[in-house]
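Take a look at the structure set out below.
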Number of protein chains: 2
Amino acid sequence: MSGGLEIQPARRRGLTDEVAENIRQAIFDGSLELGERLNEVDIADRLQVSRGPVREALVQLKQEGIVTMEWHRGAFIVQLSADDFRELAGLRTVLEVFAIRQAAAAATQADLNNLAAAVKALSKAFVDQNDYVLIQLDVEFHDALYRSAHHERLWNAWSSIRSQVLLSLLTKRHASNEYYRDLVIAEHEELLRVISSRDARACEKAIRVHLSDTYDRLVSSFDSVDVPPTSAEH
Amino acid sequence: MSGGLEIQPARRRGLTDEVAENIRQAIFDGSLELGERLNEVDIADRLQVSRGPVREALVQLKQEGIVTMEWHRGAFIVQLSADDFRELAGLRTVLEVFAIRQAAAAATQADLNNLAAAVKALSKAFVDQNDYVLIQLDVEFHDALYRSAHHERLWNAWSSIRSQVLLSLLTKRHASNEYYRDLVIAEHEELLRVISSRDARACEKAIRVHLSDTYDRLVSSFDSVDVPPTSAEH
DNA sequence: AACATTCATGATGTCAACAAATAGTCGAAG
DNA sequence: CTTCGACTATTTGTTGACATCATGAATGTT
């Protein structure tokens, strides 16, 4: 910590954010099935709030792309298809190449410290061998990367796919298991290194390699593991 | 129209979308001042609806980046700064380069027809000499471009800055006046041409030129016309 | 006179009840 | 037995009222 006291916003959050966070976590940790319908009154009762905040929270989650809403039919948790995976990979690559180039140009020392801290947390969690937290810390490193770009709208764009990316990694974690074991630490260290060097060219190359390593294996996993839900009935 | 009857979703929209569209238009046509506070009950009364739909509409507009919301303080129409302009230009360029490359690869004949129709509408409006509609048709061409990419999440990313782009062009229209007069038709025709040729390289170059022509002049306009609001008081 | 405190005002946040619409069920006709 | 249609039940869309908070004016103090 270099400077003095960072004034933290201390924003008062309403129930909407609270509810949204609850539902989000419930989706991520598997408490809610993929494709499941989200009953407003059910959620409201469970969280001891009225339906108003629940509705606004659902709108928020819809914007994050992890639930869909249909008129008078309600909200459903998304089930990402192979095409969705490809879309996410493509758009994320575009955004992140831009992000790392901006970061290479504009990152402060504090940003680099945050990135380093994220890598360290990742290394530490590595020995625990828990895929769930490992994936979350992976995404949090990329959060730090986007933040280092100091670009509000880029951050918003990332936010609108972040939950989907996290969800896709979590649901397909078995497919990316050995990848994580081998490469995750080394590649993130490399990303930190090239950002620190402020070599935009090297940054772009490193991030492309990293995302390819992540998604090539993931997309191919659809060929083997994708199960149509119709076969499971009766 | 090549094929038969395109089944249009015929989605029933709720009041929320209706309200959002109203406010959006009011912002664009200048009925609402930039920076103005949006009173929920005032809007609700004016549109003869309750506050519920109004609140949800404001959340939607917040996601589009044309209003900001603070806890217990309400919603305000954004005032884009010079930095905001730069952010919009940078992110839009990244997205649109991606979009035109995807379009070059995946555009159908129907997409090309839509693009051609957009160019034609632009040419037609050119003689009317109305900046307001000219700018809107410009943006609609780019809508068609993004749609031709057939990439849902890219479209969402564009949607989340589209209103801001439109607003920025409308508020600075005097600065881009002569630009539009000279280049707008030719450049859009060029874009249509390179997409049709499916030459990804040429596409990227053309879109970069087009966006540079749009934004270089716009950003520089801040140096001359930007007035700090503090000097106007008393 | 200048400043801090109190309190009234008006806004947003939240809630519970009402209206509208969908989906599944039951029944009758072919 | 199948199919079409109406009906009922459940869920969402909308509303008006209540609770909570921020703002600014009025008042008392130094």
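All chains are named by letter (A, B, ...) in the order of the sequence lines, taking the proteins before the strands, and each is independently numbered beginning at 1.
Under 4.0 angstrom from either OP1 or OP2 of C/dG10 there lies no side-chain N or O belonging to B/N39. Checking the phosphate oxygens (OP1, OP2) of D/dT12, no side-chain nitrogen or oxygen of A/R73 falls inside 4.0 Å.
A 4.5 Å side-chain heavy-atom check between A/L192 and A/H188 finds every atom pair outside the cut-off.
Rounded to a whole Å, the CG atom of B/D42 is 8 Å from the P atom of C/dA11. For the pair B/L47 CG and D/dT14 P, the computed distance is 13 Å after rounding to whole Å. Rounded to whole Å, atom P of D/dT15 lies 14 Å from atom CD of B/E40. Atom CG in A/L15 sits about 12 Å away from atom C1' in D/dT20, given to the nearest Å. A straight line from CG of A/D45 to C1' of C/dT14 spans 15 Å, rounded to a whole angstrom. Taking atom CZ of A/R37 as the reference point, atom P of C/dG24 lies 9 Å away to the nearest angstrom. Rounded to an integer number of Å, the gap from CE of A/M69 to C1' of D/dG13 is 10 Å. When rounded to the nearest whole Å, the span between CZ of A/F76 and C1' of C/dA23 equals 11 Å.
Screening residues 156-171 of chain B for salt bridge (charged side-chain N to carboxylate O under 4.0 Å, His left out), with sequence neighbours left out, gives B/D143-B/R162.
Residues from residues 49-63 of chain A that place a heavy atom under 4.0 Å from any atom of DNA chain C, listed by number: A/V49, A/S50, A/R51, A/P53.
Remark: of the listed residues A/D83, A/T93, A/I161, A/I161 is the sole one forming a side chain to side chain contact (heavy atoms under 4.5 Å, CB included) with A/L88. Here the rule is side chain to side chain contact (heavy atoms under 4.5 Å, CB included) with A/L191, and of A/V119, A/I207, A/L115 only A/I207 fits it.
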_The test is side-chain hydrogen bond (donor to acceptor under 3.5 Å, both in side chains); show your working for B/Q136 and B/E140 and say whether it passes._
CA-CA 6 Å; B/Q136 271 186 327; B/E140 279 175 25; 6.0 Å; no

_The test is side-chain hydrogen bond (donor to acceptor under 3.5 Å, both in side chains); show your working for B/N156 and B/S159 and say whether it passes._
CA-CA 5 Å; B/N156 290 341; B/S159 296; 4.9 Å; no

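Both A/T16 and A/H72 sit near DNA chain C, but only A/T16 has its closest nucleotide nearer the 5' end.
In the set D/dG13, C/dT12, D/dT15, the nucleotide with an atom closest to the side chain of B/V41 is C/dT12.
Using the six-membered ring where Trp is involved, A/Y146 and A/W158 have ring planes that are parallel, under 30° apart on the 30 and 60° scheme.
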